[in-house]
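FYI, side chains are in, hydrogens and waters are out, and symmetry mates aren't considered; it's all heavy atoms of this structure. Everything numeric here is computed off the predicted structure, so don't read it as measured data.
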Amino acid sequence: MSPRGTRGTRRPAALLLTVVVALLAAGCGIRGTSVPVDAGAAPSRASCRAPEAGRVAEGAGRVSVRIYLLCTSRILSVNRNAQLSEKKAPIEGVEAARALLEQLRQPPTAAESSAGFSTAVEDWITVSGPAKGDPAGSLRLSQPPEELPPNALAQIICTFAGSAAADEEHRVVLGGPDSDRDPLKRYECTDEIMSRPEVAVNSGVLVS
């Protein structure tokens, strides 16, 4: 067979293959595109609906408390039943702060986790009462507030501000462990802190 005859045979075969591929692509609904497709972020399944705490069992120090947990990018209030003290309720000041901090350090309950809640407050964070020379009602944390994870500080501020650990105007005075180097600052639980917890670290006002 001559070279010319070979080229003539290959040309119809190549044409036929091109037609078959085009038909298959059309049948499968394939459409060529040079633009990448963005499917968007996966939808969040977090409802952020706080579960009901249920009825409080009778007993010394057994009360319903309100704490603030993380859900998506916010902090929201959650009610829990807690054993705050062996004493009869209510409890105040540093004792209330310690009991509430213990609640913040605990992992979320199954119902809270299902709703999307979490906590940034770790076990190493502790709280004590005022140091010598501090104003009454002051609280000192195991690390300066501005050095805490912002989400954890926001949780602590809002939880303490709504409790007996705060003053009459629902403000809380916090400082670090060293009274000589860690100045006290006054914090409030604002709408901005609840919606943007990262701003908590810069929200304190120096106590004169």
Side-chain angles (χ1 to χ4, degrees), residues 42-128 137 139 141-143 145-146 148-174 186-204:
S44 173
R45 296 183 179 180
S47 70
C48 294
R49 294 180 181 176
E52 295 183 4
R55 184 176 298 177
V56 178
E58 294 183 0
R62 189 78 182 178
V63 295
S64 177
V65 298
R66 175 177 292 181
I67 64 172
Y68 282 78
L69 298 177
L70 294 166
C71 194
T72 60
S73 60
R74 303 169 290 166
I75 61 169
L76 299 171
S77 63
V78 172
N79 291 326
R80 280 185 183 172
N81 295 334
Q83 182 73 40
L84 295 189
S85 172
E86 294 300 324
K87 302 176 183 179
K88 292 183 178 180
I91 59 174
E92 298 181 354
V94 66
E95 189 176 3
R98 283 173 177 159
L100 291 169
L101 186 62
E102 175 61 26
Q103 289 294 317
L104 291 175
R105 288 193 300 241
Q106 291 181 11
T109 64
E112 291 165 353
S113 294
S114 296
F117 288 97
S118 63
T119 184
V121 181
E122 300 183 25
D123 289 340
W124 54 265
I125 303 175
T126 60
V127 63
S128 59
L139 299 170
L141 301 172
S142 53
Q143 189 163 327
E146 60 274 12
L148 292 175
N151 288 342
L153 179 60
Q155 287 183 254
I156 291 170
I157 291 171
C158 288
T159 299
F160 286 1
S163 74
D167 63 18
E168 295 179 353
E169 298 180 13
H170 304 290
R171 300 174 302 181
V172 60
V173 176
L174 302 174
R186 183 175 288 108
Y187 296 87
E188 296 183 61
C189 180
T190 63
D191 291 339
E192 185 179 21
I193 286 179
M194 288 191 289
S195 61
R196 298 175 57 214
E198 66 274 10
V199 305
V201 293
N202 296 318
S203 66

Could you tell me whether the side chain of [X] and the main chain of [Y] form a donor-acceptor pair under 3.5 Å?
| X | Y | result |
| --- | --- | --- |
| Gln155 | Tyr68 | yes |
| Thr159 | Ile67 | no |
| Ser163 | Phe160 | yes |
| Ser142 | Trp124 | yes |
| Arg186 | Arg171 | no |
| Arg98 | Ser128 | no |

What's the spacing between [X] [atom1] and [Y] [atom2] if we round to 0.5 Å?
| X | Y | atom1 | atom2 | value |
| --- | --- | --- | --- | --- |
| Ile75 | Cys48 | CD1 | SG | 12.0 Å |
| Glu198 | Ser195 | CD | OG | 8.0 Å |
| Asn151 | Arg74 | CG | CZ | 13.0 Å |
| Asp123 | Leu101 | CG | CG | 9.5 Å |
| Ser203 | Glu146 | OG | CD | 10.5 Å |
| Leu70 | Glu112 | CG | CD | 12.0 Å |

- request: List for me each residue that meets side-chain contact (heavy atoms from CB on, under 4.5 Å) alongside Arg49, sequence neighbours excluded, and say none if there are none.
  value: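 Listed in chain order: Ser47.
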
Do [X] and [Y] touch side chain to side chain, with heavy atoms closer than 4.5 Å?
| X | Y | answer |
| --- | --- | --- |
| Ile157 | Leu174 | yes |
| Ser113 | Pro108 | yes |
| Cys158 | Met194 | yes |
| Ile156 | Leu148 | yes |
| Thr126 | Arg105 | yes |

Minimum heavy-atom separation for [X] to [Y], with atom names?
| X | Y | result |
| --- | --- | --- |
| Cys71 | Gly116 | SG-O, 3.5 Å |
| Val172 | Ala165 | CG2-O, 4.3 Å |
| Pro150 | Ala200 | O-CB, 4.1 Å |
| Ser73 | Pro197 | O-CD, 3.2 Å |
| Ala154 | Ile193 | CB-CG2, 3.8 Å |
| Ala161 | Cys189 | CB-CB, 4.1 Å |

message: With a 6.0 Å cut-off (strictly less than), is the heavy-atom count around CZ of Arg66, excluding the residue itself, greater than 12?
response: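 Atom CZ in Arg66 is not crowded, with 12 or fewer foreign heavy atoms closer than 6.0 Å.
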
